[in-house]
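Numbers restart at 1 for each chain; the letters A, B, ... are given by sequence-line order, proteins then strands. In this text the structure is predicted, and so the values were computed from the model without any measurement.
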Amino acid sequence: MSHYQVVKGARDIFPDEMVQWKHVEDVMHWLARIYGFSEIRTPVFEYTELFQRSIGSATDIVGKEMFTFFPDGSGRSITLRPEMTAGVMRAALQKNLLASAPVQKLYYISELFRKERPQAGRQRQFSQFGAELLGASSPAAVAEVIMFMMHVFDELGLSGLRLRINSLGSIDDRRRYREALRAYLAPHYDRLDDASRERFEKNPLRILDSKNPDMQEIVAGAPRLHEHLGDEARRDFDLVLGYLSGRGIDYRIDHLLVRGLDYYSYTAFEVTSTALGAQDALGGGGRYDSLALELGSPKEVPAAGFAVGMERLLIAMQKQGLLPEAVPAGPEVCIIVPQQEFFDQAFALAARLRDEGISTAIDLAGRSMKAQLREAGRMRAASALFVGGDELSSGMFPLKDLDASFQETLPLEGAIARMRERSITKQDQP
RNA sequence: GUGAUUGUAGCUCAGUUGGUUAGAGCGCCAGGUUGUGGCCCUGGAGGUCGGGGGUUCGAGUCCCCUCAUUCACCCCA
């Protein structure tokens, strides 16, 4: 064993587990196409100010969870991205994407970094699957984003999900409510915990979703956010909910749902899974019309998006037995070399088969024939082709079906044809 | 950042009140079968007992420190 270990909060994904990741990712790519979202990749780091401006400097993410560094003597601070939305919006604005087409539908599967204490379902490096719909934030646009996300869960077979949704109202609605909330909380100030006291000034709405029972008790009597919504926000929210109901999507309105990022307004939502532990949020998102302005855009860019935690998704699926068997696909054929003196000719034959488009394995460690066969079985090769002195001189090769344990001796062309048949019938199976 | 938890072979774990060369199952390798995998049998390799210090004639076992893990708080995906 090496002295070196993975960095705290990071982890390796080995080939067996990659099979399961690929399965999940395939569904995402496929449904993205169905919903008309195009894939985007942005750099893992951005200038630090981008996140401070977008996520909000009072949030926990910016306050204590970012990996920030100075790459050279320039003094320009850089941060490993703790979320995707800011980077995607930055990229879209920089390229002026909306000028070429007024609505952009983008999605990604990317790695993020947050300096937290790791626990079940929480890592320092993690991945999110997410989508950002830029240029529209109508009720239908918001509903489409939610439908896309829920469709992925549905397609993957997940159960035990709860979609919670709320409207934070317009910027003005929020400002009015913030004052009403402060007025309510002020007499209780000495009962607030430290975190809530800090939020009292900067962002009192965040006190609403505190999990501290004492805070919840105080909050229970607070004025309700939805009572402060303007007519426009109410109408907007009702339309979003109508679309969801029409699609048969179950949701629960949660007036305390606020979410931790500053840029959300109007609809915000979150999905939790009963298959998860304490970190049970599988995904979340909302509408963020004001983000572009924060980032210096001359005009507002209506937008909505969601993000889903890949690791949590995999955990939930694992718990519910929804993951495929963790076995990488084996080759179509293993070349068995009984006598090492013929290795070079067998090796050349392997190359020939690969040129034919047949996935071919051959032992590179000079092991015994028994070991080669054992290896072929272990990696679930479909066939074994014996290549020794007799075969090379006669041009007739024993080809063994490793599942059926059936063997026939064929000229090379015949063996190739048989292997092709075999891989076709295999693919036809579910 | 706070609080607990657990560190013995690649994996899952045993290891008596401190007592010789630290074990098992699985996995891996080889042989049984001199050109045929899986099952079976036999054998083998593989361990700084997380690390450092201390107590003791003697420490995997006791004490201290440290590192790492896991879970929870906080917060979020």
Side-chain angles (χ1 to χ4, degrees), chain A residues 1-9 11 14 16 55 58-65 81-85 109-130 149 193-196 198-199 206 209-213 215 257-261 270-273 276-285 305-316 330 334 336-340 342 363 365 367-391 397-407 409:
Chain A
M1 207 213 309
S2 155
H3 310 295
Y4 296 106
Q5 292 184 285
V6 265
V7 172
K8 182 202 285 285
R11 64 189 220 96
F14 289 98
D16 49 354
I55 301 171
T59 60
D60 286 323
I61 292 176
V62 171
K64 56 188 188 189
E65 296 174 1
R81 60 186 178 203
E83 61 108 40
M84 283 297 290
T85 304
I109 300 173
S110 299
E111 291 72 43
L112 308 179
F113 307 85
R114 257 122 94 158
K115 194 166 56 191
E116 300 185 271
R117 275 287 270 283
Q119 72 183 78
R122 189 169 71 189
Q123 304 166 207
R124 290 182 160 193
Q125 179 180 331
F126 62 104
S127 311
Q128 282 185 350
F129 157 62
M149 178 181 75
D193 58 25
D194 291 345
S196 298
E198 194 169 331
R199 287 173 186 151
R206 297 280 290 108
D209 61 3
S210 170
K211 287 178 191 163
N212 182 338
M215 297 307 104
L257 177 71
V258 171
R259 297 191 56 75
L261 283 60
E270 190 168 297
V271 178
T272 55
S273 165
L276 263 24
Q279 308 301 321
D280 63 351
L282 204 53
F306 71 80
V308 170
M310 291 292 288
E311 288 80 4
R312 290 184 187 176
L313 182 61
L314 273 286
I315 291 170
C334 267
I336 306 298
V337 188
Q339 305 106 350
Q340 285 301 311
F342 297 107
D363 174 59
R367 290 135 97 190
S368 70
M369 191 171 81
K370 176 172 180 158
Q372 292 179 46
L373 250 352
R374 188 170 52 230
E375 181 68 20
R378 182 161 41 220
M379 54 192 186
R380 303 197 175 182
S383 313
L385 187 72
F386 294 83
V387 181
D390 296 345
E391 291 79 7
F397 299 87
L399 179 69
K400 181 171 187 174
D401 181 325
L402 289 170
D403 295 325
S405 216
F406 163 78
Q407 185 167 316
T409 299

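- In this structure, CD1 of A/I61 is placed 16 Å from P of B/rC74, rounded to the nearest angstrom.
- The two atoms that bring A/S273 and A/L282 nearest to each other are CB-CD2, 4.2 Å, heavy atoms only.
- On the C1' atoms, B/rA45 is 26 Å away from B/rU36, given to the nearest whole Å.
- At a threshold of 4.0 angstrom between heavy atoms, the contacts of A/G130 with the nucleic acid are absent.
- Comparing B/rU2 with B/rG7, their P atoms are spaced 23 Å from each other, to the whole Å.
- Comparing B/rC75, B/rA77, B/rA72 against the side chain of A/A281 picks out B/rA77 as the nearest.
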* For every nucleotide of nucleotides 36-45 of chain B, 5' to 3': is a protein heavy atom under 4.0 Å from its base (B), only from its sugar-phosphate (S), or from neither (-)? -> BBB-------

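- Remark: B/rG44 base-pairs with B/rC28; criterion is Watson-Crick or G-U wobble with both hydrogen-bond distances under 3.5 Å.
- For the pair A/R11 CZ and B/rU70 P, the interatomic distance rounds to 10 Å; values are reported in whole Å.
- Rounding to whole angstrom units, CZ of residue A/R312 and P of B/rC75 are separated by 14 Å.
- We find that CG of A/L313 is positioned 16 Å from C1' of B/rC76, with the value rounded to whole Å.
- Comparing B/rC39 with B/rC29, their P atoms are spaced 13 Å from each other, to the whole Å.
- Within the 4.5 Å cutoff, no side-chain heavy atoms of A/I109 are placed close to those of A/Q128.
- Considering CD1 of A/I336 and CD of A/E375, their distance stands at 9.5 Å, rounded to 0.5 Å.
- One P atom belongs to B/rU20, the other to B/rG58, and the distance between them is 15 Å to the nearest Å.
- A/R81 comes within 4.0 angstrom of nothing in the nucleic acid, heavy atoms only.
- In this structure, A/R374 CZ and A/M379 CE are separated by 12.5 Å, a value rounded to the nearest 0.5 Å.
- Atom P of nucleotide B/rU70 and atom CD1 of A/I315 are separated by 11 Å, given to the nearest angstrom.
- Between A/A120 and A/Q279, the closest heavy-atom pair is O-CG, 3.3 Å.
- Using a 4.0 Å cut-off between charged side-chain N and carboxylate O, A/R122 and A/E116 make a salt bridge.
- Scanning atom types as modelled, one donor and one acceptor separated by under 3.5 angstrom connect the side chain of A/Q119 and the base of B/rC74.
- The structure places OG of A/S110 at 11.0 Å from CZ of A/F126, a figure rounded to the nearest 0.5 Å.
- At the heavy-atom level, A/Q339 lies under 4.0 Å from base atoms of the strands shown.
- Note that CE of A/M310 and CG of A/L112 are 11.5 Å apart. Values are rounded to the nearest 0.5 Å.
- Of all the heavy atoms in A/Q125 and A/Q123, the pair that sits closest is O-NE2, 2.7 Å.
- Across B/rC26 and B/rU16, the matching C1' atoms stand 26 Å from one another, rounded to whole Å.
- Each of A/R122 and A/F126 lies near RNA chain B, and the nucleotide nearest A/R122 is the one positioned closer to the 5' end.
- Nucleic acid contact class of A/Q123 (heavy atoms, under 4.0 Å, all strands): base.
- Residue A/R206 places at least one side-chain N or O closer than 4.0 Å to OP1 or OP2 of B/rC76.
- Going from atom CD of A/E270 over to atom P of B/rA77 covers 7 Å, rounded to whole Å.
- In the set B/rC74, B/rC76, B/rA30, B/rC76 carries the atom at the smallest distance from any side-chain atom of A/D280.
- The P atoms of B/rA4 and B/rG23 are separated by 37 Å, rounded to the nearest whole Å.
- Whole-Å rounding puts the A/D60 CG to B/rC73 C1' distance at 13 Å.
- Closest approach to the A/R114 side chain among B/rG35, B/rC29, B/rA77 is made by B/rA77 (side chain taken as heavy atoms from C-beta onward).
- The line from CG of A/L373 to NZ of A/K400 is 6.0 Å long, rounded to the nearest 0.5 Å.
- Partner assigned to B/rG58 is none, using Watson-Crick or G-U wobble distances below 3.5 angstrom.
- If A/D390 and A/K8 are placed on RNA chain B by their nearest nucleotide, the residue sitting closer to the 5' end is A/D390.
- Rounded to a whole angstrom, the distance from the P atom of B/rC63 to that of B/rG18 is 11 Å.
- Across all strands shown, A/A384 has no heavy atoms under 4.0 Å from either base or sugar-phosphate atoms.
- Out of B/rG1, B/rG31, B/rC76, the shortest distance to the side chain of A/R117 is found at B/rG1.
- Look at the C1' atom in both B/rA77 and B/rG37: the space between them is 44 Å, to the nearest Å.
- A/E116 contributes a side-chain N or O that forms a donor-acceptor pair with the base of B/rA77 under 3.5 Å.
- Separating the NZ atom of A/K64 from the P atom of B/rC73 is a distance of 14 Å, rounded to the nearest angstrom.
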